[in-house]
Amino acid sequence: MIETMISEMESAFCKGIFSKKTTFRFRLEDTTIVITVDGDGYQVERDGTAVADCDCATSAEIFRKIWYEGYRPGIMDFLSGAIVCDNPLLLPQFLRAFGR
């Protein structure tokens with residue numbers, strides 16, 4: 001699923017959503033990807049160790065639902081621990097940057 005998502009990102013990217021470089025780390029069970037986004041583009045690093053502005057851990061299934069089905073997590077997803085994120089307010093902007 002992650003490889004498919006990464007391959008779809010290029011055609012979906014929307015320039016101008018981010019005004020400064022912002023780094024996201026997504027930990028999806030046994031997979032980690034770091035995505036750095038700015039106003040003009042993005043870079044994906046598998047198993048990246050860069051310092052992230054937003055570090056998010058969840059199941060691959062929840063991430064799939066968000067990416068492909070338009071699911072928008074609610075407060076209970078965060079309170080229950082289904083999604084652990086240190087900066088959840090950045091997540092909607094990330095999704096907009098990729099047309100989601």
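Not measured: the values here are computed from a predicted model. Numbering starts at 1 and runs along the sequence shown.
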Between Glu29 (side chain only) and Ser59 (backbone N and O only), is there a donor and an acceptor less than 3.5 Å apart? no
Closest non-hydrogen atom pair, Ile66 against Pro73: CD1-CG, 3.6 Å
Mind jotting down which residue pairs meet the side chain to side chain donor-acceptor pair (under 3.5 Å) criterion with at least one end in residues 8-20? Sequence neighbours excluded, please.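 Applying side chain to side chain donor-acceptor pair (under 3.5 Å) to every pair that reaches into residues 8-20, excluding sequence neighbours, yields Glu8-Tyr68.
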Strictly by side chain to side chain donor-acceptor pair (under 3.5 Å), give each pair with a member in residues 41-56 just once, sequence neighbours left out.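 Pairs touching residues 41-56 that pass the test: Glu3-Arg46, Arg25-Asp55, Arg27-Asp55.
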Please report the C-alpha distance between Lys21 and Thr36 in whole Å, then the side-chain angles of each, then the deciding distance to 0.1 Å, and finally whether the side chain to side chain contact (heavy atoms under 4.5 Å, CB included) criterion is met. CA-CA 7 Å; Lys21 184 189 283 189; Thr36 303; 3.2 Å; yes
What distance do [X] atom [atom1] and [Y] atom [atom2] have between them, rounded to the nearest 0.5 Å?
X: Phe26; Y: Cys85; atom1: CZ; atom2: SG; answer: 7.5 Å
X: Ile6; Y: Ile35; atom1: CD1; atom2: CD1; answer: 6.5 Å
X: Phe63; Y: Thr58; atom1: CZ; atom2: OG1; answer: 9.0 Å

Do Ile62 and Ile33 belong together in a cluster built from hydrophobic side chains that touch within less than 4.5 Å?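 Looking at the clustering, Ile33 is in the same group as Ile62.
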For Thr22 and Leu90, what are the C-alpha separation, side-chain angles and deciding distance, and is it a side chain to side chain contact (heavy atoms under 4.5 Å, CB included)? CA-CA 9 Å; Thr22 306; Leu90 279 176; 4.0 Å; yes
Under the side chain to side chain contact (heavy atoms under 4.5 Å, CB included) rule, what do Val34 and Thr23 come out as? Steps first, then yes or no, please. CA-CA 7 Å; Val34 174; Thr23 302; 3.5 Å; yes
Please tabulate, one pair per line, all N/O donor-acceptor pairs under 3.5 Å involving side-chain atoms of residues 74-84, not counting sequence neighbours.
unit_1: Asp77; atom_1: OD1; unit_2: Tyr71; atom_2: OH; d: 3.2
unit_1: Asp77; atom_1: OD2; unit_2: Tyr71; atom_2: OH; d: 2.6
unit_1: Asp77; atom_1: OD2; unit_2: Gly74; atom_2: N; d: 2.8
unit_1: Ser80; atom_1: OG; unit_2: Met76; atom_2: O; d: 2.9
unit_1: Ser80; atom_1: OG; unit_2: Asp77; atom_2: O; d: 3.4
unit_1: Ser80; atom_1: OG; unit_2: Ala82; atom_2: N; d: 3.3

When the side chains of residues 91-100 are checked against the rest of the protein, which donor-acceptor pairs come out under 3.5 Å, sequence neighbours left out?
unit_1: Gln93; atom_1: NE2; unit_2: Ile17; atom_2: O; d: 3.0
unit_1: Arg100; atom_1: NE; unit_2: Trp67; atom_2: O; d: 2.9

Residue pairs meeting salt bridge (charged side-chain N to carboxylate O under 4.0 Å, His left out), one or both in residues 79-95, sequence neighbours left out, come to none
For residues 56-71, which residue pairs qualify under salt bridge (charged side-chain N to carboxylate O under 4.0 Å, His left out), counting only residues two or more places apart or in two chains?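 Non-adjacent pairs meeting salt bridge (charged side-chain N to carboxylate O under 4.0 Å, His left out): Glu61-Arg64, Arg64-Glu69.
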